[in-house]
> 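This is the structure I want to talk about, given as structure tokens.
Counting starts at 1 for both ligands and their atoms, following the listed order. Each residue takes its place number in the sequence, starting with 1.
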Amino acid sequence: MKMVEDLKRKPLFILAVILLLSSAQAGNTNRTSWHQCADFQTANFLHGSKLNVQFLLFTSSNPSCGELILADDGIEDTSFNSSLETKIIIHGFRALGTKPSWIEGLVRAILHTSHVNVIAVDWVHGSTGAYHSAVDNVTQLALSISHFISKLLALGVSGTSIHIIGVSLGAHVAGLVGHFHGGQLGRITGLDPAGPKYTRASLEERLDPGDALFVEAIHTDADSLLEQAGVSMRRLPKEVIVYLMTSPSAPFCVHHSLVEFRLQKKRNVVTSIEITFYSNSTKDTAKITIPQQEEVGKRLLAHKVPLCEINIVMLKYLPNNRFWRKDESHIVGKFCAAPLPLNKNRTMFCLPWNITLYGNMDLSYQLSAACA
Ligand SMILES: *[C@@H]1O[C@H](CO)[C@@H](O)[C@H](O)[C@H]1NC(C)=O
Ligand SMILES: *[C@@H]1O[C@H](CO)[C@@H](O)[C@H](O)[C@H]1NC(C)=O
Ligand SMILES: *[C@@H]1O[C@H](CO)[C@@H](O)[C@H](O)[C@H]1NC(C)=O
Ligand SMILES: *[C@@H]1O[C@H](CO)[C@@H](O)[C@H](O)[C@H]1NC(C)=O
Ligand SMILES: *[C@@H]1O[C@H](CO)[C@@H](O)[C@H](O)[C@H]1NC(C)=O
Ligand SMILES: CC(=O)N[C@H]1CO[C@H](CO)[C@@H](O)[C@@H]1O
């Protein structure tokens, strides 16, 4: 049995040696000049019993060319800049043992907006095969990433400048790494943290709020987003669930505005007002609800173009008519909108007068926020 396995492995082993030799010959002794772009491994080629974790460094000066960092070799010899923040990306289960297709886009997007070191952790090798065996490899992987981070800390990198971004199963790896560092690393972002095998896991095993100074989990497949979109202006508690609106199609991101209606006088019933933003090509709607005996209702309105491209706002009062009781025929109040996040200046765009809205009738106004 053992011999059969060895025989099967030999051609691959020889091929790997040839590749190593040829790459050594292609380079010269100048480390920076022979450096070629390093890429993710493919697991079916390098099949073996080791995790073969690779750390690939990407920087703004060369966002599409990975630099292989060997944890035991001089990190100082690479383009790693220890005075910058460091983002470490950890992928999840890879059924087919291939490079995650989103890695390049994520690296480019990060480097486009921030001047940081980006390190992509390639554990394709241990993440393939059956899901449960990928899960079994998580502790060993987390240990080797922790070891790598310790090397960075020894170089003078501050723990708070480290941000781990873990996707799916990688989110729990990030949690484990953070746990090994006593929860003192700066930030962990879990993107769609994996559910299978983790819903009943202990705090040590899965991503939890104690794993870093700031821990966030972003779920893109959660249900019922919309009814939670009321706006509360209270101080954030230590842990909070927040909802981010998205559009139904790529690139999914939308702009958010706070819309607000302030009644001239309080009412004994709930007040509902439909707000619609129109640009030349888009239409987005939200419903403001003002509780009874309150003056103000606030709501988040997600729109596909920036607020400054919205030219018309349409308001519609939805009377609360019941069979036994008619609501008031009209309401009077003031409407304001502000792009989020609110900046220091708290720029609000208000219709400059109290408006009268009649039941179920659309009223349109020009909204002219200037583009910055
Ligand atoms: C080695 O790299 C340095 C820095 O990029 C460069 O100035 C030098 O010419 C290179 N030497 C060789 C032999 O390629
Ligand atoms: C590292 O980053 C800092 C801050 O941007 C910069 O001032 C410095 O020149 C960089 N060092 C190197 C070697 O690029
Ligand atoms: C919207 O249409 C008007 C009139 O055609 C045009 O002047 C304006 O530039 C357009 N705005 C945008 C953001 O395309
Ligand atoms: C805030 O207001 C100040 C003074 O009017 C202005 O210089 C600054 O650009 C404004 N900032 C923003 C984010 O609008
Ligand atoms: C709108 O109504 C409120 C409440 O009655 C009043 O204080 C405010 O002056 C009015 N604003 C305008 C612009 O008429
Ligand atoms: C690369 C590696 O270590 N893979 C291991 C992952 O876990 C499974 C299940 O324990 C092992 O069979 C693999 O060898």
> Considering residues at least two apart in sequence or located in another chain, which fulfil the side chain to side chain donor-acceptor pair (under 3.5 Å) criterion with N81?
S83
> Considering only protein heavy atoms, which is closest to atom 6 (C) of ligand 3, and at what distance to one decimal place?
N280 ND2, 4.1 Å
> Which atoms from ligand 2 have a heavy atom of L84 less than 4.0 Å away?
2 (O), 4 (C), 5 (O)
> Got a protein heavy atom sitting under 4.0 Å from atom 4 (C) of ligand 3?
no
> Are any of the protein's heavy atoms under 4.0 angstrom from atom 9 (O) of ligand 2, yes or no?
no
> Would you compute the distance between atom CG of L315 and atom CG of D362 and round it to the nearest 0.5 angstrom?
9.5 Å
> Near H115, which atoms of ligand 2 are under 4.0 Å from a heavy atom of that residue?
5 (O)
> Within this structure, what is the CG-CG distance for the pair L56 and L68, rounded to the nearest 0.5 Å?
6.0 Å
> Using modelled atom types and a 3.5 Å cut-off, is there a donor and acceptor pairing between side-chain atoms of D122 and backbone atoms of Q41?
yes
> Among all protein heavy atoms, pick the one closest to atom 12 (C) of ligand 2 and tell me residue, atom and distance.
N81 ND2, 3.4 Å
> Mark up the atoms of ligand 3 that fall under 4.0 Å of a heavy atom belonging to E309, in ascending order.
13 (C)
> Does anything in residues 270-327 form a ring pair (Phe, Tyr, Trp, His ring centres under 6.0 Å)? List the pairs, not counting sequence neighbours.
F277-H303
> Find the distance between CD1 (I88) and OG1 (T189) and round it off to the nearest 0.5 Å.
12.0 Å
> Taking side chain to side chain contact (heavy atoms under 4.5 Å, CB included) as the criterion, tell me which of D211, L153, L213 meets it with Q184.
L213
> Is there a polar contact, in the sense of an N or O pair closer than 3.5 Å, between N311 and ligand 3?
no
> Should you measure from each heavy atom of S83, which atoms of ligand 2 turn up under 4.0 Å away?
1 (C), 2 (O), 3 (C)
